[in-house]
Amino acid sequence: MNFDIRKTIINNLKGFSYNELESSINQMLNKEEKVLPGLGVLFELYYNSLNNSEKTKFLKTLEDLLV
């Protein structure tokens, strides 16, 4: 049996409202590292939704945060 963590995480969050997403993300940020894959999937979805200009701005912001 193949386990697809991306599909599982996406299916678990499908249909969540703004407030439910915010609460889930805040809970993930305050937990152990084992929940980081969930944030990684959300990051991947967001990043893949950006156009090239938005990606440039996003990456510049990350670069500035990591200085």
Side-chain angles (χ1 to χ4, degrees):
M1 185 163 110
N2 242 353
F3 178 71
D4 187 335
I5 193 167
R6 282 181 180 88
K7 285 182 184 177
T8 300
I9 291 167
I10 291 167
N11 285 333
N12 286 342
L13 296 174
K14 263 193 188 198
F16 272 36
S17 68
Y18 173 95
N19 290 333
E20 290 169 321
L21 284 171
E22 180 182 34
S23 176
S24 292
I25 290 169
N26 285 331
Q27 287 175 13
M28 283 188 250
L29 291 172
N30 292 316
K31 297 231 179 192
E32 298 175 24
E33 289 184 10
K34 65 183 177 182
V35 298
L36 289 178
L39 291 172
V41 170
L42 293 177
F43 177 91
E44 178 183 32
L45 287 172
Y46 177 70
Y47 185 79
N48 287 336
S49 76
L50 301 175
N51 64 38
N52 286 339
S53 174
E54 293 166 330
K55 281 182 181 177
T56 298
K57 183 177 178 183
F58 180 71
L59 292 170
K60 179 64 178 142
T61 299
L62 285 178
E63 179 185 43
D64 293 344
L65 290 170
L66 295 170
V67 171

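We count residues from 1, following the sequence as given. Computation of the quantities below employed the complete heavy-atom set of this structure, encompassing side-chain atoms and omitting hydrogens, waters and symmetry-equivalent molecules.
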- Query: Going by an N to O cut-off under 4.0 Å, is there a salt bridge joining E54 and K57?
  - Reply: no

Distance col, row T61:OG1 vs L66:CG, nearest 0.5 angstrom, shows 10.5 Å

_Crowding at CG, N26 (>12 non-hydrogen neighbours, <6.0 Å)_ = yes

Hydrophobic clusters here meaning ILVMFWY residues chained together by side-chain heavy-atom distances under 4.5 Å, can you tell me if F43 and L45 are in one? no

CD1 (I5) and CD1 (I10) are apart, to the nearest 0.5 Å, by 11.0 Å

| Sidechain-backbone polar pair: S23 side chain, N19 backbone, donor-acceptor under 3.5 Å | no

So side-chain hydrogen bond (donor to acceptor under 3.5 Å, both in side chains) across residues 38-47, not counting sequence neighbours, yields R6-E44

Value for CD1 (I25) from CG (L42), rounded to nearest 0.5 Å, stands at 5.5 Å

Run L59 and E63 through side chain to side chain contact (heavy atoms under 4.5 Å, CB included) and show every step you take.
CA-CA 6 Å; L59 292 170; E63 179 185 43; over 6 Å; no

Heavy-atom nearest pair, I9 first then G38, reads CD1-CA, 3.4 Å

Is there a path of hydrophobic side-chain contacts, each under 4.5 Å between heavy atoms of I, L, V, M, F, W or Y residues, that connects L65 with L29?
no

